[in-house]
Every structure is written in C-alpha cells, then in structure tokens.
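In what follows, a single structure is set out as structure tokens and then discussed.
Chain letters run A, B, ... following the sequence lines, proteins first, then strands; residues in each count from 1.
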Number of protein chains: 2
Amino acid sequence: MPREISHFAQKLNNFILLSEDELECLADLQTTPIHVQRGSELVHQGDTKQAAYILQAGWGCSSKLLPDGGRQIITFPLPGDCIGLRSVLLRTSDHSFSAVTDAIVTRVEVSRILRVFADYPYIGAAVLWAASRDEALIVEHLASVGRRNAVERTAHFFLELHDRLRLAGLASSGEFDCPLTQYLLADALGLSAIHVNRVLRELRERGLLTFQDRKATIHDHVALRQLSGYEALEEGPLMARGMEPQGTGR
Amino acid sequence: MPREISHFAQKLNNFILLSEDELECLADLQTTPIHVQRGSELVHQGDTKQAAYILQAGWGCSSKLLPDGGRQIITFPLPGDCIGLRSVLLRTSDHSFSAVTDAIVTRVEVSRILRVFADYPYIGAAVLWAASRDEALIVEHLASVGRRNAVERTAHFFLELHDRLRLAGLASSGEFDCPLTQYLLADALGLSAIHVNRVLRELRERGLLTFQDRKATIHDHVALRQLSGYEALEEGPLMARGMEPQGTGR
DNA sequence: CGACGCTTTGACACAACTCAACAACCGTGG
DNA sequence: CCACGGTTGTTGAGTTGTGTCAAAGCGTCG
C-alpha cells in the first residue's frame, strides 16, 4: 500500500481532521493487502476469530444466514469501511462477509486496535464515530425493512447507497456503478428477487430511478426522497481538535 | 443510589470480572436517578444532545419515527442497558427513547464516558463488549424482520426477551412479566397490532407460548427454538484479566 | 456451441394489512 | 356508587402487497 490517503483515513477525516502522525499510524495499520475473489467468503458466521478488516477496494457484503437457508444482508461495505469491528469482542462472529466484486482488504488484529486506541485517542474517537454512524445505518435499514413497503424501501436503499458512495468519492452526482444483482438486492431488502425486479421496473417507469447494466441513475432525487423519507447523511468535520477526546489522552 | 451492584455493573461483569475500584467507579457513574413516567419521552429523535443514559429500573423503548407516522421499535432496553450510547458521538440522536413503564435512569455525559474509558481500560473494554452485543441483537432483529414470517418472528422475539431478562435476573425459567402491549409488539416486529394478536393466539393454541395479562410463559422452549431458529445468547465471563485489554492501560 | 448466471414476465396463492365492530378493563369524576 | 371515556385486546370479512412457481430471453464465458 503506497503511503497515500486511504479511503479509511478519508472516512475518519470526515469526523476529525487527522494529524500527520495519525495518518502515518493509519497507513501502518493498512499494510499487506489481502485479495478476496468475487463471491468468496472471508469470514464465516460462527467463526471464532479476533481480527477486523478494512475494505480497501471493491464491494463487500455482510450477511446473516438463517437456519432455513435464507439470508439477510446487513450492509454492503464499501472501500474505507470496517468489517467485523462489531464482533471483534464477541466470542464468535455473528455474521458472514463475502466479496461482491473482487476486493482487497487489510487485516487488523484486536490487540493492535486496542493499542492504537490507547496511543492515538483521536483515532479512537474517530473510529467510534464511524462505528456509530455504521450502526445508525443498520438501524435505519431495520426501520426500512420493518415499516416501508417495497418501493419506498428500494428507493431509500439507493439514495443511501448514493450518498455513501459520494462520501467515498465513488459516485458522481446522480449516477454510480453498482455491481449488485437483483438477488443481492432482494436479500438486503427482505424481498424476493422477482419482486425486486417488479419494483425496479416501477421506479424506472415512473421516471425516478434506473438500475440497469450494473449502473444506477437517480433521475428524480427530490421525488425519491419524498417517497422514501430518506434523510441525508451528516457530512463534514464534526469535531474540532481540543474538544471532548482530550479527556482520553494519557 | 446506595452502593450495591447495579444491573449495569452486573451486565459488564458478564464480560470481565470487575475489581473493587472499577465497581466503585461504576457506582459513581450512576448517581442522581431521573424518574421517567410511563409513556413519556426522554430523548426525541433529532435532539442534539451529548449524553447517554443507563436504565436502572423499568422497561424502555427506543424507536425510530418515520415521516409517514409509522414507527419501528429498535429494542426494548431493560435495566442495566445503555440508552443512546450509539448516537452520543453523532450530532443528532437518530432515535427516540420513551418509557414503557415508569422507569429510572441515570445520565452520563460524553466527557465522563471518555474519561472513564481512559482511566479504566477494563471498563472501556466491557462497555464496548456490551455495545457490541447490543448491536448484534439489532442485527439479529433485522434478520428477523427481513426474513422470518410473523410466527417465527414473534417466537424469536420472546425467546430473546426471555434470555435477556434472565441475564438481568428478571425472569425465572420459562416465565416472566412483560408490560408490552400488542401495539408495542407490532411496532417492534414490523407487523400490525391486529396480526400480532392473531399470531399470539396461534402460538397459544399450538401450546408453544402464552402472553396474557402482562405475563409471558414459554411452554415449549425446544419447539419454539426449532420454529424460530433462535440461538441462545453467549453467557458467562468471556475475558480474563491480563488478556487483550492490557494494551489499553497507560 | 452449450451452459450458466442474471433478468424479465405472467399467473396464481397466500400472508399480512385494513376496516369495522365489539368486549373487557381501567382510572376518573360526577 | 355508577357512568364515562380511553386504552387494550379480540374477532370477522375483504383487500392487497408480496411470495411462489414456471418459463423464456439474454449476455458471457469456457
């Protein structure tokens, strides 16, 4: 990994502006890339492991498998996102992670994480912030699956994805590459693949959103937001140096 | 608050056995109880606040309100659970918290949290563990709402609740008091209240589970687990002193 | 070329929702 | 004391959103 700003560092930078030292530390954390082939599983639900990963390139998919064979996709990690950070302290991983496209990840051991937290309190705070934001996305996802109908849910999903990709610098306004299949969408949205297809057609015919040939286009952002009740992600540096986290210094 | 082991300390103790000092610190954290009346809202979605709460007594309900008036209940906090820990670093609270029964909470400021994390690394690790477990519950909830039918979902919910209450010492095996209404259940399970009623009747008639008069009884634990695919919560001290968290010491 | 993965469409079934009504229970106030 | 409105639970009838099954179209890749 050449010493350039990683997606991960960029993401944390959204919370608090990082110093040269801290960027250095983050770079050290993300050495030795691991290549994961499209479709292969990096972490299997039930694994007893004590490491997290940072996704460097490609799209991922963390999902929960049900005894009856069904699965619920929790989120599609994008470059810069953490994988398995939640279950790092749990005895066993509560979910699986597999690669949607060919992907590159870097591994981070628990002990390493905790050491960095102790040595670089600002990084610790920023990671906690990122983890909080990711959890908020899961909560929003839960609300979507529980209380929105298929069309609203799908619209909401694409708006959120659009925002996440823009924050990661991977989407120009209104359009983005999206390697997801309708089956993956279905498992994420709690629908059947066939119904996803119908919903996508409806959104297309209503001139709101097109998802074809691995490319998604938002035609009517306003109408989609109105329809789905989507609220934009918080953006921009949120915390200035010298604020709260100072208490965590030694 | 008299100096006795709080529910919160008990919960953390499940992860790592706490020292006298640490128990003292936790006790100091939970002074000045705030009484919250049944039905009233302590935190409103969108609030810009920077404090978390610990639920000391009673049942809570954290939910997300949708623009169309619907709501999705994320979880029902029980004594010892944290409230708003996730959104403490976010600019605005992403969910509301209200009291299902008359309840008592204690408030913890962000600055306080971060200081404790720095001074008592074991507490920090234990809190992170608890937060991870809570997030795992939300993920499981998402899987439930997305991929289980009404009966499975309801069965799963009650098994989980039973386990959580047992860990908190609030349920004898197979039976527990449960102040939830069918409307609350509906908003948690992503169903209509009427359908919840029908599902409860079915579970009752099949001899699996009774929920009447604010009291829930698990009649056939095995069949319910089979039906819903529920997996028991991890239990017992998970981490010994001198393990990982030592890296976080000063 | 055939096989495979993904999308698209139609017909039908069923789970869950809505609407409507009523019963039981509560605390409150006359 | 009873009457009252409000909350919660219960049930039925009809509707609808979404799932299931089946089949065909279309790329791509070996």
Side-chain angles (χ1 to χ4, degrees), chain A residues 37-40 59 61 66 68-72 98-102 144-155 157 177-206 209-216 227-228, chain B residues 37-40 59 61 66 68-72 98-102 144-155 157 177-206 209-216 227-228:
Chain A
Q37 269 202 336
R38 178 182 122 89
S40 74
W59 287 48
C61 152
L66 281 82
D68 69 350
R71 73 167 171 178
Q72 174 66 44
S98 57
V100 169
T101 65
D102 287 343
S144 233
V145 173
R147 283 292 177 228
R148 286 189 246 259
N149 66 29
V151 175
E152 296 165 359
R153 209 182 296 175
T154 308
F157 175 84
D177 289 323
C178 176
L180 305 177
T181 67
Q182 295 183 359
Y183 286 88
L184 286 167
L185 275 177
D187 282 343
L189 298 173
L191 300 169
S192 69
I194 290 168
H195 200 59
V196 166
N197 184 283
R198 288 193 278 250
V199 168
L200 288 175
R201 178 174 16 139
E202 178 176 343
L203 287 170
R204 198 185 324 132
E205 287 172 352
R206 285 167 68 178
L209 145 69
T210 307
F211 174 47
Q212 267 169 338
D213 303 325
R214 339 222 102 196
K215 179 154 271 174
L227 170 69
S228 67
Chain B
Q37 269 202 337
R38 179 180 120 93
S40 75
W59 287 47
C61 152
L66 281 80
D68 70 350
R71 74 167 170 177
Q72 175 65 44
S98 57
V100 169
T101 66
D102 288 342
S144 232
V145 174
R147 283 295 179 226
R148 286 189 246 260
N149 67 30
V151 176
E152 296 165 358
R153 210 182 297 175
T154 308
F157 174 84
D177 288 324
C178 176
L180 305 177
T181 67
Q182 295 183 355
Y183 286 88
L184 286 167
L185 274 178
D187 282 343
L189 298 173
L191 300 169
S192 70
I194 291 168
H195 200 58
V196 165
N197 182 286
R198 287 193 273 256
V199 167
L200 288 175
R201 173 164 31 128
E202 179 176 341
L203 286 170
R204 198 186 322 131
E205 287 172 352
R206 286 166 65 177
L209 142 69
T210 307
F211 173 47
Q212 266 172 338
D213 303 325
R214 338 222 104 196
K215 179 155 269 175
L227 171 69
S228 67

Notebook entry, point to check: So do the side chains of B/Phe211 and B/Leu185 get within less than 4.5 Å of each other, counting heavy atoms only?
Noted result: yes

Next item on the list: Would you indicate whether the side-chain heavy atoms of A/Phe157 and A/Ser228 approach each other to under 4.5 Å?
Entry: no

Which whole-number value in Å describes the distance from [X] [atom1] to [N] [atom2]?
X	N	atom1	atom2	answer
B/Leu203	D/dT10	CG	P	13 Å
B/Gln212	D/dT8	CD	C1'	13 Å
A/Leu200	C/dT9	CG	P	11 Å
A/His195	D/dT16	NE2	P	15 Å

Margin query: Just to verify, what does A/Thr181 make a side-chain hydrogen bond (donor to acceptor under 3.5 Å, both in side chains) with, not counting sequence neighbours?
Written below: none

Checklist line | B/Ser40: side-chain hydrogen bond (donor to acceptor under 3.5 Å, both in side chains) partners, not counting sequence neighbours | finding: none

Checklist line | Residue whose closest nucleotide on DNA chain C lies nearer the 5' end, A/Arg214 versus A/Arg201 | finding: A/Arg214

Notebook entry, point to check: Among residues 177-190 of chain A, which contact DNA chain C at a heavy-atom distance under 4.0 Å?
Noted result: A/Thr181, A/Gln182, A/Tyr183

Notebook entry, point to check: Hey, what do you get for OG (A/Ser144) to CG (A/Asn149), rounding to the nearest 0.5 Å?
Noted result: 9.5 Å

Checklist line | From CG (A/Leu184) to SG (A/Cys178), nearest 0.5 Å | finding: 9.0 Å

For [X] versus [Y], what's the shortest heavy-atom pair and its separation?
X	Y	value
A/Arg38	A/Val100	CG-O, 3.4 Å
B/Ala99	B/Thr101	CB-O, 3.3 Å
A/Arg147	A/Glu152	O-OE1, 4.5 Å

Note to self: Let's see if you get this right: which residues in residues 144-155 of chain A place a heavy atom under 4.0 Å from DNA chain D?
What the structure shows: A/Asn149, A/Ala150

Could you pull out the protein-nucleic contacts involving nucleotides 21-30 of chain D (nitrogen or oxygen on both sides, under 3.5 Å)?
none

What pairs of donor and acceptor atoms, side-chain ones from residues 188-203 of chain B against any protein atom, are under 3.5 angstrom apart with sequence neighbours left out?
unit_1, atom_1, unit_2, atom_2, d
B/Ser192, OG, B/His195, N, 3.2
B/Asn197, ND2, B/Gln182, OE1, 3.0
B/Glu202, OE2, B/Arg206, NH1, 2.8

Item checked: End-to-end axis angle, where each axis spans five pairs of the helix from C/dC1-D/dG30 to C/dG30-D/dC1, to 10° -> 20°

Check: Just wondering, are more than 12 heavy atoms of other shown residues or ligands nearer than 6.0 Å to CG in B/Asp213?
Finding: no

Margin query: Can you see if the side chain of B/Asn197 gets near the phosphate of D/dT10 - specifically, an N or O under 4.0 Å from OP1 or OP2?
Written below: yes

Check: How would you list, by chain and number, every residue that makes a salt bridge (Lys or Arg N to Asp or Glu O under 4.0 Å) with A/Arg71, sequence neighbours excluded?
Finding: A/Asp187

Margin query: Applying salt bridge (Lys or Arg N to Asp or Glu O under 4.0 Å), can you list everything that pairs with B/Asp177, at least two apart in sequence or on another chain?
Written below: B/Lys215

Could I get a table of every N or O pair under 3.5 Å where one atom is in the protein and the other is in nucleotides 22-27 of chain C?
none

